Amino acid sequence: MQPQYHPRSVEQEAQAFWAERKSFRSIEDSAKPKFYCLSMFPYPSGKLHMGHVRNYTIGDVLTRCYRMRGYNVLQPMGWDAFGLPAENAAMANTVPPAKWTYDNIATMKRQLQGLGFALDWERELATCRPEYYKWNQWLFTRLFRKGLAYKKTGIVNWDPADQTVLANEQVIDGRGWRTGALVEKREIPMYFFRITAYAEELLAALDTMDGWPEQVKLMQKNWIGRSEGVRVAFPYALGGETKLLWVFTTRADTLMGTTFCAVAAEHPIAVHASKTNKQLAAFVEECKRGAVTEAEFAQMEKTGMSTGLYCTHPISGEKLPVWVGNYVLMGYGEGAVMGVPAHDERDYAFALKYGLPIKGVIRHPAGDSVPKPWKPAYAEYGTCINSGKYDGLGYQQAVDAIAADLKAKGLGEKQVHWRLRDWGISRQRYWGCPIPIVHCPSCGDVPVPDDQLPVKLPEHLVPDGTGNPLAKMPEFYETRCPSCGKPAKRETDTMDTFVDSSWYFARFACPDNDRAMLDARAKYWMPVDQYIGGIEHAILHLLYSRFFARAMKAEGLLDVDEPFTNLLTQGMVLAESYYSDAQGRREWINPADVAVTRDAKGKILGAKARDGREVVYDGIGTMSKSKNNGVDPQALIDKYGADTARFYIIFASPPTNTLEWSDESVEGSFRFLRRLWAYCAKFDNPGPKMADGLAKATRFEIHSVLKQANFDLGKHQFNTVASAAMKILNALDNFSGGRNTVTQDGLSILLRLLAPITPHVCHHLWRELGFGEDVMTAPWPEPDPAALQQDDIEYVVQVNGKTRGSLTLPKSADRKQIEGSAALSMQKYVAGQIIKKVVIVPGRLINIVV
RNA sequence: GCCGGAAUGGCGGAAUCGGCAGACGCAGCGGACUCAAAAUCCGCCGGUGGCGACACCAUGAGAGUUCGAGUCUCUCUUCCGGCACCA
């Protein structure tokens, strides 16, 4: 055996072995339990980054464990290949997004293969291929006919300079990122998926999803946001007609305290009033600029302006002014709210700012009046006061009574309200899946018939930042109506890329089927048994996929509601960043080019760049181009090999934590693999005979560590499994002799425990030392109960909860003997005092309370 | 702003049910080997006091429950993720 560990040749040899045997090809087999292990597929952005390596290493560890445990495992890989970055790269390099994307896929595929993941590459798919997106389109037409996909107006960010729609990400401080022009909101027709039709189900099913982290379920629950309240109408006169201004409130008990109503800038009342009020029109225009995201809305200064119109309070008949508020969102609820300044913090601030009346109608702990400043107690539930016939009622009684009265007048009723909104899928972009609709002047919106699918996206275009190139391409949009045959216009919007990623997991079962979206193989493999991906996807992607699974089930394509049985949300990969301050301009220095100086205790004193310049430590954060703190996985693999990269990633942190990158610790992981190799290289050398006591102790140590490792594996705490492998090697290495029954058993356990993490080196050593032909087909190691037997137990002894020593007692000792021995050993602390009680935790601890 | 999460030595982390805080590793310090370096091996390694046995303090801050709290409860601070057109 080679005395030195050379990862390159070991890894090539192992990968060739797996490729030749097609070790990771998965075939449906109802005789074996199946395990579908899936990591979120990557966006082909260029090269693999550490987040990818982490994600796929975690998935691969699970995949290989389950293979060794005898499951029929599927682990596929594909490409989330449509999206905005390809268009940006296209503009920057004048290269079509398709070419850029396919080149990136080729690079990243090579990198993934170099990492030795147990992937079934025969099932590879890319969402930008017509064979894939044809079925996006096909399903869309099905949902469209059912009304689960429909058209309505939606609001987009409009860059007036480039005459183009911008993504939220492309709007910086209210301006277009390329033009700097003030971005406006525009209403345009868009297609939506009616995800709200499943709101109730998506919420209720969360309670049955035991394999998902509570944290993610809670976030989804709050996102769906079920609330019970009352829908209230405030009548108003417009052009001689009486219309109703609807609002939703969860605090109908405060209805009598309403002193104004506020509507969104896009609300019909605001639009109407602006026609005759120039100042208001300017304010409405103002509202359409500025905040783009909900976060920005929530944090911006709340402003408003009166429309000059009044509505009528549905119970009291009072006249209330109608205002336009920049904080009222048209896309949320009714686009209007009732203002109760006395009992709502935001309304309170608004009323103070604009001199609107404040009318207290709830008795609260701070008293009946509502003096400045705002107190949270004002918003608490209480007894109605100042509310006419509702005086004296509590929250629920008041809501019931008011809802009943409103219902009698036809001005309201109880309603369940959802925070969840329908999913707008139209994008005015080129690099995405075309929406399969033809607009016919006589037939309206006609879905493209099945025999004309897919609507192919031309792959040669280069966008220029001024709108969607498809919309400027008559060859694409000029068509005939599938229904009447007359000239018609094809839809040029493409789908949100979340559509592509909402069902890819099912397509992996049958990526080669050109006659159907899914077939029986999907029913075999689905649901995904273990899904792994970043916590940043906790809401949108996962919720959309849950919706899609239901929609597909309704089409008879799947027979499960929930697509992912178990979910593991991995943490982000972070790195330190450093900059040098040159004339006030920060130049970011890659951490690989920085040397830190430390004091005698290892504390960081300062840092210098490779060229000797002093650099400033800027803390730890996500790896980014702007801070030049990315660590290239390829450089790491080239230097140490894939196994070291995999081992470090697993060992450095539990999967759900963030992982802080450290080049020095990588070195330590490499050192461990070298030690393992060195141990194996001398394994068959003659040495001293192992003494009985040492044999017993070594076996006990190895099997206890294995027991713990298997427990940790069960809770996906892989970092301590890697530690366990190190502990086993330490235990083996304490004996200077070679192969005997104890070390043979121990090394066999070590190599199998480590095989999922560092598969190449374990593959090699397993064969080299004659354990078998392929470690991947060896059974998963289980501890031997006989090795775990012990005659004595070591107790921790405490006095008044403070640890004072330990005590070794025979396993057979009874309570009386334990108490006696403990008191005796604790003479020093107990003497002269009265023992009040003795707490004994069997097999672990004795606490004497004096 | 709202929703969710996290905080333990110089660093990453461990501690299964509330039961020895700091496993395993990194960095650091001391030593062996070497002409020297690298590699490797051995030892030390939370803080304060003490020659020492040992004592006290210590899991972001403050309170509480308990024989006993990193773990449970409340309040607060800081950081991270998401907020519907980044993926």
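The shown structure was predicted, so the numbers you read here are calculated from the model rather than taken from an experiment. Each chain gets a letter, A, B and so on, in the order its sequence line appears, and its residues count up from 1. Both backbone and side-chain heavy atoms feed into the values below; hydrogens, waters and symmetry mates do not.
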**Prompt:** With sugar-phosphate meaning primed atoms plus P, OP1 and OP2, does R671(A) contact a base, only sugar-phosphate, or nothing at under 4.0 Å between heavy atoms?
**Reply:** sugar-phosphate
**Prompt:** Which part of the nucleic acid, if any, lies within contact of E660(A), taking any heavy atom under 4.0 Å across all strands shown: a base, the sugar-phosphate backbone alone, or nothing?
**Reply:** sugar-phosphate
**Prompt:** Is a side-chain donor or acceptor of T720(A) paired with a backbone partner of Q717(A) at a separation under 3.5 angstrom?
**Reply:** yes
**Prompt:** Hey, does L659(A) reach any base, or is it just sugar-phosphate, or nothing, if we go heavy atoms under 4.0 Å?
**Reply:** nothing
**Request:** Looking at every strand, decide which applies to Q170(A) at a 4.0 Å heavy-atom threshold: base, sugar-phosphate, or nothing.
**Result:** nothing
Between protein and nucleic acid, restricted to nucleotides 16-19 of chain B and to nitrogen or oxygen atoms under 3.5 Å apart, what atom pairs and distances do you find?
{"residue": "U16(B)", "atom": "O4", "partner": "Q708(A)", "partner atom": "OE1", "Å": "2.5"}
{"residue": "G19(B)", "atom": "N2", "partner": "Q798(A)", "partner atom": "OE1", "Å": "3.0"}
{"residue": "G19(B)", "atom": "N2", "partner": "N847(A)", "partner atom": "ND2", "Å": "3.2"}

**Item:** Presence of T497(A) side-chain N/O under 4.0 Å of A87(B) phosphate oxygens OP1/OP2
**Value:** yes
**Message:** Regarding F672(A), tell me which of base, sugar-phosphate or nothing describes its non-hydrogen contacts under 4.0 Å with the strands shown.
**Reply:** nothing
**Message:** side chain to side chain contact (heavy atoms under 4.5 Å, CB included), that's the test. Do R427(A) and M495(A) meet it? Break it down for me.
**Reply:** CA-CA 6 Å; R427(A) 297 291 179 269; M495(A) 292 185 201; over 6 Å; no
**Request:** Name the nucleic acid region contacted by H537(A), choosing base, sugar-phosphate or nothing; use a 4.0 angstrom heavy-atom cut-off, strictly under.
**Result:** base
**Item:** Exceeds 12 heavy-atom contacts within 6.0 angstrom, atom NZ of K707(A)
**Value:** no
**Prompt:** Counting any heavy atom closer than 4.0 Å, what does M190(A) reach on the DNA or RNA strands: base, sugar-phosphate only, or nothing?
**Reply:** base
**Request:** Assign W423(A) to base, sugar-phosphate, or nothing according to its heavy-atom contacts below 4.0 angstrom with the strands shown.
**Result:** nothing
**Request:** Would you indicate what V156(A) reaches in the nucleic acid, counting non-hydrogen atoms under 4.0 angstrom: base, sugar-phosphate, or nothing?
**Result:** base
**Asked** Base, sugar-phosphate, or nothing: which does K802(A) touch, judged by heavy atoms less than 4.0 Å apart?
**Response** sugar-phosphate
**Request:** Would you indicate what A295(A) reaches in the nucleic acid, counting non-hydrogen atoms under 4.0 angstrom: base, sugar-phosphate, or nothing?
**Result:** base
**Prompt:** With a 4.0 Å cut-off on heavy atoms, is F297(A) in touch with a base, just the backbone sugar-phosphate, or nothing at all?
**Reply:** nothing
